[in-house]
Every structure is written in structure tokens, then in C-alpha cells.
Asker: 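First the structure, then my questions, so here it is.
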Amino acid sequence: MLDIKRIRTEPDAVKSALTKRDPEAAATIDDLLTMDADRRKRLTEIETLKAEQNRFNPQIAAIKKAGGDATELLAQSAQIKAQIAGLEGGVRESDAMQIAALSKLPNLPADDVQAGGESDAVEIAGLSRPLREFDFPPKPHWEICETHRLVDFERGTKLSGSGFVIYTGVGARLQRALISFMLDTHVSTHGYTEIGLPYALTRESVTASGHIVKFAPEMYHDAESDLFFLPTAEPALVNIHRGEILPPGALPLKYTAHTPCWRREAGAAGKDTRGLQRIHQFDKVELFRYVLPEDSETALAEMTNEACALLDALEIPYRLLRLAAGDISFAAAKTIDIEAWSPGMGKWLEVSSASNCTDFQARRADIRFRREATAKPEFPHLLNASGLALPRVVSALLETHQNADGTVTVPAPIRPYLGGLAVIG
RNA sequence: GGAGUGGUGGCUGAGUGGUCGAAAGCGACGGUUUGCUAAACCGUUGUAGGCCUUAAAAUCUACCUCGGGUUCGAAUCCCGACCACUCCGCCA
């Protein structure tokens, strides 16, 4: 949620920032300001009347206590009450309209984010390591998976329909090894606190994080209990501190969590769906930080590096993209994508997305902090990054480290998690 | 799932229709005292919004889990939701 005061005081700056990502949203600002002025006018009127009415109460009390007759005052008070009742509906309506209009506006893109859409992403760092040169045609991961029985695609479909897979044997173990490796690295090396989360959230929670807007058609939902299954750990990690005022010294908070993520992938059928590329349920390790506003720029860079460190350790080449304003998610001011190279498919796979949501999510979820015990509460900046999404890492790993004889060399850092296994095959 | 009890400020805990935004204690913050620490003493101590503003102060409104209702007036009465605790049942 954007700050209405900021829109009021610097409407032009807000409009021009918004135009970079969504000209239609920018065009609603003038209407919003008109609504806001109207709302405040009504508020003032009604508050003045309430003050007037409140003045009667002690008088009535005094007369009654003295045993007098308060009929006249009661009549006056009733008259004002009627006036208030007449105005109240209007105020409520203006309030609701303003919140609705404000809720539809996405975050303002950061200054260094370029305008444009999906095709306007900018590569911001060279390749992390040279792409491996193969002296044989590298196979796609689904073939490798079938050869070594790492994933059972057919039976996954049998159990839960298309888009669900069963990891089997070394495949299941490999995934668990990667999860442990990632979590351990974030906890031990990067200083995060590990969190074990519920996998379903109430409507209130997904609304507070803004995900109901962005993910509504994507989320699996249990109608009976009105719970939403995580499309990512992010909404859960935002809601941990919903409605709280964090005490001085609490920031930064650094959380990491492994969760399954469920996405309907509505409308995506047929596109990039082969193998593990796009499945309805996948595992992910998430990084999340609550930081001081002045630290969020640095934090985003750090979190990107923390995700990259994992790929470096696994010897998987990747590149970094700064997304254009029109392509970043609703709550984000800036997003960096990390794409790993998939030699078997010959394309880049998004394995992480790191976003600085500035104060947008914090305002919406009413999360604040104090710098000093007596200071006014302020909104912290919230950031999230995948670190990393499992199926695509598994794909890239298998394809990158496959050998001519069909075996796969296991990268050194995860061998301890696989009982010392050095080669799959 | 059935029965009961209850949800008050950072915490504990008073308050059952009228100057209650809410006693008291603890904590926190500022100060006095002090060689230092502690103790003692004095003071301050919620949030949001409106108005006015360069800003603050002052002032007004709302908030005693949340949402409705009764009343001139609600922390207090009524209804609903959510949550917690106790007992019974069921269960990994």
C-alpha cells in the first residue's frame, strides 16, 4: 500500500514513478486525490458534530445526578445524533472507496529500475562462470531422471493429476540434500534464523501481504476452512510480524524457511511444462529480511549474493537480470532475477527472484519499528529472495554435471548430505 | 466434535452504564542523588486520523480482541466472529 500522505504531498513524483510500470494506475491518482479531499471534508464535518454531542453528556449526567429534568438537553442531543447518522454512511463509503483505490496501486519502482515489460530486463552482471562445453549432446533433465529413476512423472500424475511428480530414491534424497545444504549455508554462513512455517494461511494473512491480489487465481484454496496454501513462503514470513511494533534493536530480522509451494499455474498449460520446469507443487528455500529503510538497497544486493553463492558452490553457471518496471511483482520496488543455465534444454531457468518491497508490504501489513524507546514508529523495509527454487536447481544440476556415459557427478558440497555419494549412476 | 470459563495499555491487574484513554504495580525513558553500580526520590510514558501548520504545541475524533446492536451516554448491557484456557470425546 502506498502512503496517502505522500500521494497528497508529492503527486507528480508518484505519478511519474507509477507511469514507469503501469500508466493506467498512474492515471487514477487524480481521482484518488479528489476522493481523499472529499473524504477528509466529510470526516471533519462528522467529527465536529460528534464533539458537539459529546459536550452534552456530562451536562446530562450532572442534571440527572441532581435529580433535575434533562428532557430539553436530551432532545438536542438526539437531534445531533440524527444528523450524525445521516452523514455516517457517506464517510464509511468514502473510506472504503479510498482503501479500495489505494489497494489497487502497485509499489513505486526504484529510481534505477528501467521502464518496460518482460523483454526489457537488463543483464546486470556477466556470466558467473563460462558455460560448460560438451563433447556429447547434453540430455534434458527428464531423460536423466528416467535413466536413474530419480523422478516418477507418470505415477505423479496418477496420484494427483498433471503437474505433480514423485521423487524417488536418489532423486528424493538429492532434493532433501539440496534443501539441507541451502538452509545450513544460510544459517551458518549468512546469519539467518531458520523458521518452520505453517503451509496454509488465513484469508486475512494473504490479504495483508497483498498476495490475494497478485496470486488469487494461482493459489490452492480450501473452501471449508477458507485457508490458502502457500504459493511461496513470502506471505507467511510477512505475516509473522503483522500488526506489531518492533522494539529498538530488533532490526534487522533475517529469516530463512523451507516450504513446499503450490501454484495452479492457471493458463500455463503446454508452456515450458516438460519435466520439472513448471509443476503445481515444488519445494523452495526462501530468504526474508526486515530492515531499516536506509539499509534495504544494500540488503537486496546481499541477498542476491547469498542466492548466487549456492549456485557457485554447486558449480552451476548463472546470470543476473534486473527486471523492468512493468515486470516486477505488485509489492516490489526492484527485483533481481537469477537464471541458471540449462544445457540440456538450451535455455535459462529462473531459480531465484530477489525483491525489495520497501515499506509497501509493511504498511499494508501494519508492521512498524521504533529506533528508540520513545521514538515514533516507522515502517521497516521488507525483502524476499528465493534461495533457491528446488526443481529448477535439480534440473540445472543434473544437466550441467552429466557425463558422456550417462552418469552425473555430484557437486562436492552436497556429497556429505548424500552419504558421500560422488556419482549418480 | 460436546460442555464451561475468559479476552483491558509493553507486562501484571483494577474497573458492571455517566468527566475512563482507563486505578495500582512492574518495565521503559528523562532527571536528582552517587567515586562506579545498585537503591531511593521526582517527572514522563499507547496508536491512528482530522484540523491548524514551515514544524511543533494546543484542540477534536476513534480505539479496552474484532464486527454489529441497545442508549442522550458503553471497557461495562445484547448478538455474532475469532482466539485462549479447563473438562469430556476422537486422533497422527
Side-chain angles (χ1 to χ4, degrees), chain A residues 1-10 32-103 196 198-208 212 222-228 236 239-251 253 260 359-380:
Chain A
M1 185 120 72
L2 295 178
D3 183 6
I4 183 65
K5 281 186 194 160
R6 183 166 173 200
I7 297 176
R8 214 183 278 153
T9 52
E10 39 187 294
L32 188 64
L33 286 171
T34 310
M35 267 168 23
D36 178 54
D38 177 61
R39 185 189 127 264
R40 283 184 300 155
K41 196 178 124 232
R42 289 171 194 254
L43 242 192
T44 307
E45 279 174 28
I46 206 163
E47 284 187 1
T48 308
L49 283 172
K50 279 187 179 174
E52 210 174 310
Q53 194 197 16
N54 285 341
R55 271 194 288 277
F56 282 108
N57 294 334
Q59 296 180 38
I60 292 171
I63 291 173
K64 290 214 165 180
K65 205 174 257 177
D69 178 17
T71 317
E72 200 174 312
L73 284 178
L74 288 178
Q76 291 183 44
S77 179
Q79 198 188 337
I80 294 173
K81 195 194 176 186
Q83 284 185 54
I84 292 172
L87 291 172
E88 219 148 37
V91 170
R92 259 188 232 188
E93 200 182 316
S94 329
D95 269 359
M97 274 170 65
Q98 174 162 324
I99 289 168
L102 220 42
S103 302
Y199 298 157
L201 298 176
T202 60
R203 179 175 293 275
E204 192 181 7
S205 292
V206 290
T207 303
I212 194 112
D222 172 44
E224 206 172 343
S225 52
D226 202 23
L227 288 176
F228 295 82
N239 275 281
I240 288 179
H241 295 294
R242 165 157 53 93
E244 295 182 17
I245 299 178
L246 304 166
L251 300 180
L253 288 167
D359 61 353
F360 189 87
Q361 278 180 328
R363 180 171 291 106
R364 188 169 183 130
D366 191 28
I367 299 164
R368 289 168 292 169
F369 74 98
R370 281 187 224 273
R371 291 179 190 272
E372 307 292 341
T374 53
K376 278 270 168 209
E378 297 174 52
F379 293 105

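Note that the structure is a prediction, hence the values are computed from the model and not measured. Lettering of chains follows the sequences in order, A, B, ..., and the numbering in each one begins at 1.
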Asker: Check for a donor-acceptor pair, side chain of A/Asn239 on one end and backbone N or O of A/Ser205 on the other, with a separation under 3.5 Å.
Answerer: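 Between the backbone of A/Ser205 and the side chain of A/Asn239 there is a qualifying donor-acceptor contact (under 3.5 Å).
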Asker: Does CE belonging to A/Met97 count more than 12 external heavy atoms closer than 6.0 Å?
Answerer: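 Not buried by this count: 12 neighbours or fewer within 6.0 Å.
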Asker: Expressed in whole Å, how much space separates the P atoms belonging to B/rA58 and B/rA40?
Answerer: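 To the nearest whole Å, 32 Å.
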Asker: With a non-hydrogen cut-off below 4.0 angstrom, is A/Leu43 in contact with a base, only sugar-phosphate, or nothing?
Answerer: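 Sugar-phosphate contact only - A/Leu43 comes under 4.0 Å of backbone atoms but never of a base.
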Asker: Reckon A/Arg371 touches a base, only the sugar-phosphate, or nothing at all at heavy-atom distances under 4.0 Å?
Answerer: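 It contacts nothing in the nucleic acid.
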Asker: Counting only heavy atoms not in A/Glu93 (residues, nucleotides, ligands), do more than 12 fall under 6.0 Å from its CD?
Answerer: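 No, the 6.0 Å shell around CD holds no more than 12 heavy atoms from other groups.
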Asker: Scan A/Arg370 against the nucleic acid and name what it touches under 4.0 Å (heavy atoms): base, sugar-phosphate only, or nothing.
Answerer: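 Sugar-phosphate contact only - A/Arg370 comes under 4.0 Å of backbone atoms but never of a base.
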Asker: Need the pair for B/rU59. Rule: Watson-Crick or G-U wobble, both distances under 3.5 Å, any strand; none if unpaired.
Answerer: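 Base partner found: B/rG50.
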Asker: Does B/rU45 pair with anything, Watson-Crick or G-U wobble, both distances under 3.5 Å, and if so, with which nucleotide?
Answerer: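 B/rU45 is paired, partner B/rG27.
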Asker: Identify the residue among A/Arg370, A/Arg368, A/Arg371 that makes a salt bridge (Lys or Arg N to Asp or Glu O under 4.0 Å) with A/Glu378.
Answerer: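 Per the salt bridge (Lys or Arg N to Asp or Glu O under 4.0 Å) rule, the option paired with A/Glu378 is A/Arg371, out of A/Arg370, A/Arg368, A/Arg371.
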Asker: Please state the C1' separation for the pair B/rA14 and B/rG69 - nearest whole angstrom.
Answerer: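 It comes out at 28 Å once rounded to the nearest Å.
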Asker: Taking the C1' atom of each, how far is B/rG49 from B/rG21, in whole Å?
Answerer: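 My reading of the C1' atoms in B/rG49 and B/rG21 gives 16 Å.
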Asker: Under 3.5 Å for both donor-acceptor distances, Watson-Crick or wobble: does B/rU5 have a partner, and if so which one?
Answerer: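 Answer to the pairing question: B/rA84, which forms a Watson-Crick or G-U pair with B/rU5.
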Asker: According to the Watson-Crick and G-U wobble definitions, with both distances under 3.5 Å, which nucleotide is paired to B/rU32?
Answerer: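 Paired with B/rU32, as far as the under-3.5 Å criterion goes, is B/rA40.
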Asker: Between A/Arg203 (CZ) and B/rC66 (P), how many Å, whole number?
Answerer: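 From A/Arg203 CZ to B/rC66 P: 21 Å.
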Asker: Between A/Ile46 and A/Pro377, which residue's closest nucleotide on RNA chain B lies nearer the 5′ terminus?
Answerer: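 Looking at the nearest nucleotide for each, A/Pro377 comes out on the 5' side.
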Asker: Need the pair for B/rA74. Rule: Watson-Crick or G-U wobble, both distances under 3.5 Å, any strand; none if unpaired.
Answerer: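 WC or wobble partner does not exist here.
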Asker: In whole Å, what is the span from the CZ atom of A/Arg40 to the C1' atom of B/rC60?
Answerer: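 Rounding to the nearest Å, CZ of A/Arg40 and C1' of B/rC60 are 16 Å apart.
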Asker: Is the distance from OP1 or OP2 of B/rA48 to the nearest side-chain N or O of A/Lys376 less than 4.0 Å?
Answerer: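 Yes, within the criterion.
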Asker: About how many Å separate CG of A/Leu87 and OG1 of A/Thr48, when rounded to the nearest 0.5 Å?
Answerer: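 The distance works out to 10.5 Å.
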Asker: If you check every side-chain atom of A/Ser77, which of B/rG68, B/rC72, B/rU47 has the closest atom?
Answerer: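 Nearest nucleotide to the side chain: B/rC72.
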Asker: For A/Arg8 and B/rG49, what is the distance between atoms CZ and C1' respectively, to the nearest whole Å?
Answerer: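 To the nearest whole Å, that distance equals 10 Å.
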Asker: Between B/rG6 and B/rC91, how far apart are the two P atoms, rounded to whole Å?
Answerer: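 To the nearest whole Å, 32 Å.
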Asker: Taking atom C1' in both B/rU59 and B/rU53, what distance in whole Å separates the two?
Answerer: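 These two C1' atoms come out 13 Å apart once rounded.
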Asker: When the P atoms of B/rA28 and B/rG35 are considered, how many whole Å apart are they?
Answerer: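 Those two atoms are separated by 24 Å.
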Asker: Mind calculating the distance between CG (A/Asp226) and C1' (B/rA81) to the nearest angstrom?
Answerer: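 A/Asp226 atom CG is separated from B/rA81 atom C1' by 13 Å.
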Asker: How do A/Arg39 and A/Asn57 order along RNA chain B: which one's closest nucleotide is nearer the 5' end?
Answerer: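 Result of the comparison: A/Arg39.
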Asker: Using whole Å, what does the distance between atom P of nucleotide B/rG69 and atom NZ of A/Lys81 come to?
Answerer: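 One finds 10 Å between P of B/rG69 and NZ of A/Lys81, rounded.
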Asker: For A/Ala373, which contact category applies under a 4.0 Å heavy-atom criterion: base, sugar-phosphate, or nothing?
Answerer: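 Sugar-phosphate contact only - A/Ala373 comes under 4.0 Å of backbone atoms but never of a base.
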Asker: Taking all heavy atoms of A/Ile367 and all of A/Gly243, pick out the closest pair and write down the distance.
Answerer: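 A/Ile367 and A/Gly243 have their closest heavy atoms at CG1-N, 4.3 Å.
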Asker: Can you check the A/Lys50 NZ to B/rU59 C1' distance for me, whole Å?
Answerer: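 One finds 17 Å between C1' of B/rU59 and NZ of A/Lys50, rounded.
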Asker: For B/rA48 and A/Arg368 - does any side-chain N or O of the residue sit under 4.0 Å from the phosphate oxygens OP1/OP2?
Answerer: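 Yes.
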Asker: Would you call A/Asp95 and A/Arg92 a salt bridge, taking side-chain N to carboxylate O under 4.0 Å as the test?
Answerer: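 Judged by the 4.0 Å cut-off on N to carboxylate O distance, A/Asp95 and A/Arg92 do not form a salt bridge.
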Asker: Using whole Å, what does the distance between atom P of nucleotide B/rU59 and atom CD of A/Glu47 come to?
Answerer: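 Whole-Å distance recorded here is 15 Å.
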Asker: Whether the side chain of A/Gln53 and the base of B/rG73 hold a donor-acceptor pair under 3.5 Å is what I'd like checked.
Answerer: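 Per atom types, no contact qualifies.
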Asker: Establish, with yes or no, whether the OP1 or OP2 oxygen of B/rU61 is under 4.0 angstrom from a side-chain nitrogen or oxygen of A/Asn54.
Answerer: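 Affirmative; the distance criterion is met.
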Asker: Given atom CD of A/Glu204 and atom P of B/rG67, what is their separation to the nearest angstrom?
Answerer: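 In whole Å, B/rG67 P and A/Glu204 CD are 11 Å from each other.
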Asker: Just call it for A/Arg55: base, sugar-phosphate, or nothing, with non-hydrogen atoms closer than 4.0 Å on any strand.
Answerer: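 If one applies the 4.0 Å heavy-atom cut-off, A/Arg55 turns out to touch nothing in the nucleic acid.
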Asker: Does the structure show a Watson-Crick or G-U wobble partner for B/rC90, both distances under 3.5 Å? Name it, or say none.
Answerer: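 Answer to the pairing question: none, since B/rC90 forms no Watson-Crick or G-U pair.
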Asker: Expressed as a whole number of Å, how far does the P atom of B/rA81 sit from that of B/rG2?
Answerer: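 12 Å, rounded to whole Å.
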Asker: Heavy atoms under 4.0 Å, any strand shown: does A/Lys41 hit a base, just sugar-phosphate, or nothing?
Answerer: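 If one applies the 4.0 Å heavy-atom cut-off, A/Lys41 turns out to touch nothing in the nucleic acid.
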Asker: In whole Å, what separates the C1' atom of B/rC52 from that of B/rG10?
Answerer: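 It comes out at 32 Å once rounded to the nearest Å.
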Asker: Looking only at heavy atoms, which two atoms of A/Arg363 and A/Phe379 are closest? And how far apart?
Answerer: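 Result for this residue pair: CA-CE2, 3.4 Å.
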